[in-house]
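Each chain gets a letter, A, B and so on, in the order the sequences are listed, and its residues count up from 1. Since the structure is predicted, the reported quantities are computational estimates derived from the model, not experimental observations.
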Amino acid sequence: MLEQFRDSSENILQSAHILEQESAAVQSSVEEVLVNLQFQDRVSQILGHVIDDMEKMVGAIADQETRLRHGEPVIAIDTGEWLRSLQKTYTTLEQVDVHRGSGVQAKGSNNSEITFF
Amino acid sequence: MSKVILVVDDSASVRQVVGIALRGAAYTVVEASDGKDALTKLDGQKINLVISDVNMPNMDGITFLKEMKTKANYKFTPVIMLTTEGAEEKKREGQAAGAKAWIVKPFRPEQMLQAVSMLI
């Protein structure tokens with residue numbers, strides 16, 4: 001009887017240990033999901049800027065077409081000014097890096113910057 | 001009674017992510033979708049800490065922070081800016097407006113919770 005009790009206790013302890021490990025694994029997975037969802041937010045912002053700029057370009061081309069149709073001279077787009085204007089919309093360091101041509105500095109979620117003031 | 005944290009972000013998924021992490025640590029969470037919405041949510045409510053995004057429609061995070069600091073009840077409420085913005089200039093702007101911390105997304109929940117526990 002005591003042996004049975006001891007066996008049951010050991011089984012319970014083993015099950016508790018397994019549950020603990022699985023709980024830790026689930027917690028880790030949930031954290032990964034929480035981090036990945038934030039990447040979606042970043043990408044969404046960046047894509048939003050790209051789409052806005054493309055729509056701005058479509059508008060600028062349409063203006064030039066209208067000018068052509070009315071026999072007016074085409075005004076060259078100032079690409080430098082266009083890029084400067086685009087740069088002001090950036091919210092991520094990756095966008096700034098790509099704009100400068102310095103390549104994307106890969107940022108892992110483990111290196112999230114926290115600055116205390 | 002658990003501490004109350006106001007989470008301000010125009011992204012519903014980010015509010016969810018932050019909310020899950022905070023509720024898991026037994027904080028009470030109030031959500032707002034932008035600075036203007038956050039100011040209405042502040043009205044009269046006990047808030048122990050604010051976590052705010054920077055780039056939001058209607059009212060951005062820096063403007064919201066400045067407005068919040070003019071209200072007597074919230075003048076000393078600590079604010080963490082949680083944002084994709086990592087530029088030093090923007091951080092200085094946040095610091096000047098009264099932010100206590102600046103976290104660049106993506107963040108790990110335990111890092112954010114550590115920052116929260118240091119402030120409240």
Chain B contact via A/Q95 - side chain, backbone, both or neither, heavy atoms under 4.5 Å
neither
Given that the side chain runs from C-beta out, which part of B/M118 has a heavy atom under 4.5 Å from chain A: side chain, backbone, both or neither?
side chain
For chain A, which of B/V17, B/L82, B/I80, B/T83 has the most heavy-atom pairs under 4.5 Å?
B/V17
Between the side chains of A/Y90 and A/H49, does any donor sit under 3.5 Å from an acceptor?
no
A/K56 NZ/CZ over A/W82 ring centroid, <6.0 Å and within 45° of normal:
yes
If I compare all heavy atoms of [X] with all of [Y], which pair ends up nearest, and what's the gap?
X	Y	result
B/A32	B/R15	O-CD, 3.4 Å
B/D9	B/K105	OD2-NZ, 3.0 Å
A/I77	A/M57	CD1-SD, 4.4 Å

Taking distance alone, no hydrogens or angles, what donor-acceptor pairs closer than 3.5 Å link side-chain atoms of residues 18-29 of chain B to residues at least two apart or in another chain?
unit_1: B/T28; atom_1: OG1; unit_2: B/S2; atom_2: OG; d: 2.5

What do you reckon, is NZ of B/K41 surrounded by more than 12 foreign heavy atoms closer than 6.0 Å?
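Atom NZ in B/K41 is packed in, count exceeds 12.
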Those residues of residues 44-73 of chain B, ordered by number, that approach chain A below 4.5 Å (heavy atom to heavy atom)
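B/N55 fall under the 4.5 Å cut-off.
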